[in-house]
Each structure stands twice: as structure tokens, then as C-alpha cells.
A.B. asks: 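I'd like to ask you about the structure that follows.
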2 protein chains.
Amino acid sequence: MDADKVFKALGDPTRRRLLDLLCERNGQTLGELCDNLDMARQSATQHLEILEAANLVSTVKRGREKLHFINPVPLHEVYERWVRKFESQRLSLLHDLKKELEGE
Amino acid sequence: MDADKVFKALGDPTRRRLLDLLCERNGQTLGELCDNLDMARQSATQHLEILEAANLVSTVKRGREKLHFINPVPLHEVYERWVRKFESQRLSLLHDLKKELEGE
DNA sequence: ATATTAGGCAGGCAAATACCTGCATGTCAA
DNA sequence: TTGACATGCAGGTATTTGCCTGCCTAATAT
């Protein structure tokens, strides 16, 4: 997994919206996704390309349509490698702050 | 929580590195953090400002030093609102794909 | 067969981003 | 008090990003 691509992909609200849309109904076409986006089709295409490069979305061609499927695996890996690590610090934050304010 | 600020903040590798550094040792000064970054001090400052605006880092002044503390709460909220939601789709992906390829 | 529809390709532009340098301020220590 | 050190402030620039328009191809429908 390319963590940088995943984080960059998630860094844009339009792309998170796309993932949301696919979460509501998986396998939507480009056109269907565009209907919910308020931007030109080509702009949406570029966002979907970024999501695909990050492996967050997979596509399948069916006739002249392109179907989009969400892939949650990279998100889980991001969580495992990044979020959990920082969560374990949670309880110690206030303690650290206090110690520092007291001049250690 | 401003989800957009958090995601944007996490979208840069330098800022993730900063969080990593603070995870190793909380409460580091700007100078200490810079020593591990290979960029000008002012660049690091800008990254830290973004992390602070996203509430991922809190700072305390002690004399002429500025101490930085990681705040894992927004990360947990991001996980709750975003990652878990998509994880629940995991098992259905292959099923959806199969269905679509068969022409539904 | 031809019109319509779904999507791809190429290029162009303005704003945001991630760097930088130079100078100013405030704190500590000799 | 004066020099060294930690950080803040103010631009300046090159690259990336997100959006667009215009045209092209391929598949379906009439």
C-alpha cells in the first residue's frame, strides 16, 4: 500500500464525497456519481483516477459504462498503521502537558 | 472537529512525519523537530501551524521554547466517522463485483 | 443507418501549496 | 549588559492541484 497516495486521496472533500456515494450504493457509473457532484464530468473523472491510483476504488467496464467499486482495504491499513498508533498516546497527553508546565 | 482540516493535515508526508516524531517523544521543541526534517525551520513551522489548526497538535510556550504535543482525539474521530463506515463494506465488495460482471 | 449516450483525451488557467531567504523579537546565560 | 539562541513575521517563487472547455471514440437505441 502506498500510504501517501491514500492520505492524499482522502485529503480532498470531493473524493471523500465520492467514497460516501459509493458507500451508499456500490458499483455506480461515472455519470451517476457526477449527478451528485456539481462539477464537470472530467473533474470527477480526475478525482476518481486519484482514488483508483490509491487503490481505494476499483472499476469495471460494462459496455460503454464504467462501474466504480469502493475498496476499504487501504483504509483499514491506514487505520492499523497510523490511527491506532496515535490513539495509544491518548491517555498520556494531559500528563505530559502537566509535567512540562511544571518545568519537568 | 473540522474533518477537512484533519484530512488535509494528514495529506502531507512531512506532517505525518512530525506526528510520528511526537509519537516517539511528546513535547518536543520546534528546533528538535526541525533537526529531523531536512528543511528550513520556517517550513516546519508552517506544517506545525497546519497540524495545530487541525487540532492534531497543541503547543505550550516555556520561556523562549515552544513545546509541541500530539492530540490523538481528532484522529479517533476521523476513524469513527470515516474508516469504520467503509470497513463495514469490506465483505460485500467481491459480491458486488461479481453481481455486476454477471450483468446484475 | 443514424442519433444519442457514456466516457476518454488534451490542453489551459487560477488558486493553493510547499518550499525558501531575510529580518525582527524575545529569552537566557556569561 | 551583551551575545547567543529559539522562535516569529513578511514576503517571494516554483510546483501542484482542481477546475474548466473542446473535441474524439465507442456503444446502445430508434
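Just the heavy atoms: all of them, side chains too, but no hydrogens, waters or symmetry mates, feed the values below. Quick note on labels: first sequence line is chain A, next is B, and so on, each numbered from 1.
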A.B. asks: Out of A:Asp20, A:Leu51, A:Leu48, A:Leu10, which one pairs with A:Arg15 under the side-chain contact (heavy atoms from CB on, under 4.5 Å) rule?
C.D. replies: A:Leu51

A.B. asks: Using atom NZ of A:Lys61 as one end and atom C1' of C:dT5 as the other, report the distance to the nearest whole Å.
C.D. replies: 13 Å

A.B. asks: Considering heavy-atom distances to DNA chain D, does A:Gly11 or B:Glu32 have its closest nucleotide positioned more toward the 5' end?
C.D. replies: B:Glu32

A.B. asks: Identify which one of B:Val57, B:Leu37, B:Ile50 satisfies the side-chain contact (heavy atoms from CB on, under 4.5 Å) criterion when paired with B:Leu18.
C.D. replies: B:Leu37

A.B. asks: Starting at CE of B:Met39 and ending at P of D:dT13, how long is that distance when rounded to a whole Å?
C.D. replies: 21 Å

A.B. asks: Measure CZ/B:Arg62 against P/D:dT7 and give the value in whole Å, please.
C.D. replies: 10 Å

A.B. asks: Take atom CG of A:Leu18 and atom C1' of D:dG18, then tell me their distance rounded to the nearest Å.
C.D. replies: 13 Å

A.B. asks: Less than 4.5 Å apart, side chain to side chain, heavy atoms only: is that true for B:Val78 and B:Phe7?
C.D. replies: yes

A.B. asks: Would you kindly compare B:Arg41 and A:Thr45 by the position of their nearest DNA chain C nucleotide and give the one closer to the 5′ end?
C.D. replies: A:Thr45

A.B. asks: Which nucleotide in the set C:dC20, C:dG11, C:dG7 lies at the smallest distance from any side-chain heavy atom of A:Gln46?
C.D. replies: C:dG11

A.B. asks: Side chain of A:Ile50: nearest nucleotide among C:dC20, D:dG18, D:dC19?
C.D. replies: D:dG18

A.B. asks: Side chain of B:Asp12 only, heavy atoms from C-beta on: which candidate in C:dA6, C:dC19, C:dA18 is closest?
C.D. replies: C:dA18

A.B. asks: Counting only side-chain nitrogens and oxygens, does B:Lys66 get under 4.0 Å of the OP1 or OP2 atom of D:dG8?
C.D. replies: yes

A.B. asks: Using whole Å, what does the distance between atom P of nucleotide D:dG8 and atom CD of B:Glu65 come to?
C.D. replies: 12 Å

A.B. asks: For A:Gln42 and for A:Lys8, find the nucleotide of DNA chain C with the closest heavy atom, then tell me which residue's nucleotide is more 5'.
C.D. replies: A:Gln42

A.B. asks: If I take atom CG in residue A:Leu30 and atom P in nucleotide C:dC9, what distance separates them, rounded to the nearest angstrom?
C.D. replies: 12 Å

A.B. asks: Given C:dG8, D:dC20, C:dC20, which nucleotide is nearest the side-chain atoms of A:Ala40?
C.D. replies: D:dC20

A.B. asks: With a 4.0 Å cut-off, would you call A:Arg16 and B:Asp4 a salt bridge?
C.D. replies: yes

A.B. asks: OP1, OP2 of D:dC19 versus side-chain N and O of A:His47: anything below 4.0 Å?
C.D. replies: yes

A.B. asks: Will you find, in the side chains of B:Ser58 and B:Glu52, an N or O donor that is under 3.5 Å from an N or O acceptor?
C.D. replies: no

A.B. asks: Which nucleotide in the set C:dC20, D:dA6, D:dT21 lies at the smallest distance from any side-chain heavy atom of B:Arg64?
C.D. replies: D:dA6

A.B. asks: Nearest whole Å is fine: how far is D:dG8 P from B:Leu33 CG?
C.D. replies: 12 Å

A.B. asks: Rounding to a whole Å, what distance do you find between A:Leu37:CG and C:dG7:P?
C.D. replies: 13 Å

A.B. asks: Looking only at side-chain N and O atoms, does B:Ser43 come under 4.0 Å of OP1 or OP2 in C:dC20?
C.D. replies: yes

